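Remember, it's a predicted structure, so these values are computed and weren't measured experimentally.
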Amino acid sequence: MQTPPHASYVSPQQIEEYQRINLIFRAEIEMAAGQHAEAQLDISEVLAKSPENPVALTMQAWLKTREGNLVEAKQDVELAIAKNEFFFRERLAKVQDALTRGSQADADVAFGELFQNI
């Protein structure tokens, strides 16, 4: 049986990527709703399969910031920047500054602004 010419093939890798994107979007919604534990589960699932995913690392850093773990949050931000410097260097500058200063409140605001614009 022939595949119709309009049908497209979605590879297993594309399916995995779509699943990662959906988990990250869901985690953003959960963060906005204050469901941090649920967001962490989704981000952990993404990082289990893609440990250097810069968006997931940034989301994890935001969760760590909300928990008051600024040192580990800063490490995640630096790793995200290292993985995609072109996209993240400028966008994370305000977050990085707040984490370096140890300002949990400013970092949380900066993360919120960042994810509003992604």
CA sep, side-chain torsions, deciding dist, call: Val55, Phe115, side-chain contact (heavy atoms from CB on, under 4.5 Å): CA-CA 10 Å; Val55 177; Phe115 280 98; 4.3 Å; yes

Leu70 and Gln104: which non-hydrogen atoms are nearest, and at how many Å? CD1-N, 4.0 Å

Within a strict 4.5 Å, meaning less than it, do heavy atoms of the Leu47 and Leu57 side chains meet? yes

Full working for side-chain contact (heavy atoms from CB on, under 4.5 Å) between Gln60 and Gln40: CA-CA 7 Å; Gln60 180 173 267; Gln40 182 60 60; 3.8 Å; yes

Does Asn22 have any side chain to side chain contact (heavy atoms under 4.5 Å, CB included) partners at least two apart in sequence or in another chain, and if so, which? none

Taking the side chain as C-beta and beyond, is there a heavy-atom pair between Tyr18 and Val10 under 4.5 Å? yes

Please find the pair of heavy atoms, one from Ala39 and one from Ala27, that lie closest to each other, and give the distance. CB-O, 3.6 Å

Leu79 versus Lys83: any side-chain heavy-atom pair under 4.5 Å? yes

Could you tell me if the side chain of Glu30 sits less than 4.5 Å from the side chain of His36, heavy atoms only? no

Does any non-hydrogen side-chain atom of Ile24 lie less than 4.5 Å from one of Val46? yes

To the nearest 0.5 Å, what is the distance between CZ on Arg20 and CG on Asp42? 14.0 Å

Check whether any side-chain heavy atom of Leu92 lies under 4.5 Å from a side-chain heavy atom of Glu78, and answer yes or no. no

Working to the nearest 0.5 Å, report the span between CE of Met31 and CD1 of Ile43. 8.5 Å

Would you call Lys94-Glu113 a salt bridge at under 4.0 Å N-O? yes

Pair Glu17-Gln14, side-chain contact (heavy atoms from CB on, under 4.5 Å): steps then yes or no: CA-CA 5 Å; Glu17 182 60 23; Gln14 288 172 311; 5.6 Å; no

Separation of Glu67 CD from Trp62 CH2 (nearest 0.5 Å): 13.5 Å

Distance-minimising heavy-atom pair for Ala80 and Pro54: CB-O, 3.6 Å

Yes or no on side-chain contact (heavy atoms from CB on, under 4.5 Å) for Val77 and Lys74, after CA distance, side-chain angles and deciding distance? CA-CA 5 Å; Val77 165; Lys74 188 171 186 277; 5.6 Å; no

Closest contact, heavy atoms only, Ala107 versus Thr65: CB-CG2, 3.7 Å

Determine whether Val71 and Gln75 make a side-chain contact, defined as any pair of heavy atoms from C-beta on separated by less than 4.5 Å. yes

Mind checking whether Thr58 and Phe111 have side chains closer than 4.5 Å, heavy atoms only? yes

Kindly compute the distance separating CG (Leu41) from CZ (Arg26), expressed to the nearest 0.5 Å. 9.0 Å

